[in-house]
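Everything on this sheet refers to the single structure shown next.
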There are 2 protein chains.
Amino acid sequence: MANVSISTVSRVLNNPDLVAKDKREKILEAIEQLNYTPNALARGLIHKRTQTLGVIIPDISNLFYAEVIRGMEDSAHESGNNLIICNTVNDQARRLASVKVLSEKQIDGIVITSEPIYPDSYELFRQLNIPIVLAATHSLEYEIPSVRVNDEQAAYDATEYLIRKGHKRIGMISGSTLDPISGLPRIQGFMRALRTHGLEATPEIRIEYANYHFEESYEAMKKLYAKFPELTAVFASSDERALGAISYLHENRIQVPEQVSVIGFDNTRMAGMSYPKLTTVAQPLYQMGFQAVRKLDQLINGKQLEELRTYMSHWIEERHSVRDININ
Amino acid sequence: MANVSISTVSRVLNNPDLVAKDKREKILEAIEQLNYTPNALARGLIHKRTQTLGVIIPDISNLFYAEVIRGMEDSAHESGNNLIICNTVNDQARRLASVKVLSEKQIDGIVITSEPIYPDSYELFRQLNIPIVLAATHSLEYEIPSVRVNDEQAAYDATEYLIRKGHKRIGMISGSTLDPISGLPRIQGFMRALRTHGLEATPEIRIEYANYHFEESYEAMKKLYAKFPELTAVFASSDERALGAISYLHENRIQVPEQVSVIGFDNTRMAGMSYPKLTTVAQPLYQMGFQAVRKLDQLINGKQLEELRTYMSHWIEERHSVRDININ
DNA sequence: AATGGTCATGAAAAGCTTTTCATGACAAAT
DNA sequence: ATTTGTCATGAAAAGCTTTTCATGACCATT
């Protein structure tokens, strides 16, 4: 339509100053008229780059991940990428299948959240030769970049916070010791804080539920309270667990925080909406997502990473669910 | 490596029975050995199909959308598709840009959530000639398939529910009348229920906040209570609004539901975690997402849609935030 | 024995772009 | 006037598949 070759059109799109002004304008006009848009598949085929990243996530409907993804999405937008999100329902087979599909679609890299990296996963990454970054998880065995919080220390800090508020009989609703990512480290941090401050850590003070859902956490609090009724504070290893615990306490007319204090973990948006508002260990969820994608982008572009394993700082977000026993 | 032509390899992958058994096995072995995976870009280029769908969403970190996306993701998985998710932060320019990028990436279709369809959007869809489905929104002007709930009726039902529980002085925390999707219809339903049951609807009984966030809703409740202190029940037009309202009431020692009842809207997972647990108008969020993607898939595959505009049924999820005044 | 048909396979085009290389025009410099 | 260099442009290959068409081998039928 503009009486030029395909090459020239391509140049107008990628290097406009290489083509004479009159032709350029004619071409631009034709593009407008014909409603032409370049085909990213063909481009990807040549450049071996699709400007698309994959995200493997266990459960998008979980507020925790929702906020992490938000950060990822913003970061991706900033670096001109799109995100394909694969919900894997905590199923290793589905996870591997997703990685394979993403790789076939020639995405430029993948960020994997929350899961420990098993040898079969690593083997697959190696085979596919695809850049990987871990968010809210890490791997000590393999050299994979990661962005997360120091869970052991965070749990330590949460427990110490309760101790500083005068609590001596502290219970914990924890994840599974078999979960090396957000289960075990938090338990270890809890134990260490107790030990450091000369408090006894008998088996009665902790209840373990792999499932972090509200209803199970309600049950967990019930059982914990039954076997450890003298407790004055509870460290729940996620906000949802804390809310389940609070729900049980409310229903049994146990005042929070007057009678029992509760501290959570994560600082999802829910934490600010409960009654009483939840004091919790805050993770920079948005930032973790943001940084993970940024790191992936650097990795893809062959830039030197500042650090392989990034540990972002956590803090205690003080609200109204913990009472200072020293004061009154 | 297997001493065969490219065509034969292709056949093994797509039509295995067209190739002789011995060669087939040799090829399969070579594929294994070489770690070969087909390139979806090249495939997409030929078939004009990428098995990838786009999702335009205003805010992924919002629990409402998180659950809708979960349904979309499951549905996509079922039909062999992946989802590219674009967070648009409620910015029309960014929205249009996202649609353009998705189209360049040759995705097979897009589902758009929650936004009204403006003429410029529609014009773009037409130009790009791309299948579109609307989720949690619809368009009366244009012939675009949609999946949503009847908001006017749902609001009517919520209000009538309160009336049946004996409430006569009912306030509302609403969205903006300028929002034709989830703002105005809910207000209209509220008004209609009042009218139908012979209750007066003065301007004092409603407070309007375009922003649905918790903090603003706290403020909204404060103002509503100030100008309408006789109210015995509040219809909050989202769960987050309801939680903000409850927070204000709690802090001012107004018992929920003993003194003031609150009903929400959406039935996000938060609703079951608050204290008291929130009675709310439930939307089938997961199902809406699921059906929207299913509909898009049908549209793409040229199947006849059962209906252009699907209205899914809502219901009242009874929990503990509404008191029946008739009883005591 | 000759013809027709089936079947497995390979060659090549097409899908859409980018990029390299070649070409020819023109200006400038000797 | 001739050479050198610059610049705009086009042709063609490459990226990786799928699919159509052609080919040749082999079997079966008359």
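Chain letters run A, B, ... following the sequence lines, proteins first and then strands; every chain starts at 1. This structure is a prediction, so every number in the text was calculated from the model and none was measured.
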Rounded to whole Å, how long is the line connecting atom CZ of A:R49 with atom C1' of C:dT17? 17 Å
What is the distance, to the nearest angstrom, from the CG atom on A:L18 to the P atom on C:dT19? 11 Å
Distance, rounded to the nearest Å, where A:I27 contributes CD1 and D:dT9 contributes C1': 10 Å
Atom CD of A:E29: over 12 foreign heavy atoms under 6.0 Å: no
Below 3.5 Å between N/O atoms, which protein atoms pair up with nucleotides 10-16 of chain D? Just atom names and distances, please.
| residue | atom | partner | partner atom | Å |
| --- | --- | --- | --- | --- |
| D:dG10 | OP2 | A:S5 | N | 2.9 |
| D:dG10 | OP2 | A:S5 | OG | 3.0 |
| D:dG10 | OP2 | A:T8 | OG1 | 2.5 |
| D:dG10 | N7 | A:R11 | NH2 | 2.8 |
| D:dA11 | N7 | A:S7 | OG | 3.3 |
| D:dA11 | N6 | A:S7 | OG | 3.1 |
| D:dC16 | OP1 | A:K48 | NZ | 3.1 |

Under a 3.5 Å cutoff, is there a donor and acceptor pairing between the side chains of A:S5 and A:T8? yes
Is atom CD of A:E307 surrounded by more than 12 heavy atoms (other residues, nucleotides or ligands) closer than 6.0 Å? yes
Nearest whole Å is fine: how far is D:dT20 P from B:N14 CG? 12 Å
Looking only at heavy atoms, what is the nearest atom pair of A:S103 and B:T37, with distance? OG-OG1, 4.5 Å
Is there a donor-acceptor contact under 3.5 Å linking the side chains of B:K105 and A:T52? yes
Set out, in order, the CA-CA distance, both residues' side-chain angles and the distance that settles side-chain hydrogen bond (donor to acceptor under 3.5 Å, both in side chains) for B:S61 and A:Y286, then state yes or no. CA-CA 9 Å; B:S61 67; A:Y286 177 93; over 6 Å; no
For DNA chain D, what residues of residues 96-108 of chain A have any heavy atom nearer than 4.0 Å? none
Looking at B:L83, B:L296, B:N81, B:L53, which one forms a side chain to side chain contact (heavy atoms under 4.5 Å, CB included) with B:M72? B:L83
Parallel, tilted or perpendicular for B:H138 and B:Y311, by the 30°/60° rule? perpendicular
Could you check how far CG of A:L13 sits from P of C:dT17, rounded to whole Å? 9 Å
If I take atom CG in residue B:N15 and atom P in nucleotide D:dT19, what distance separates them, rounded to the nearest angstrom? 8 Å
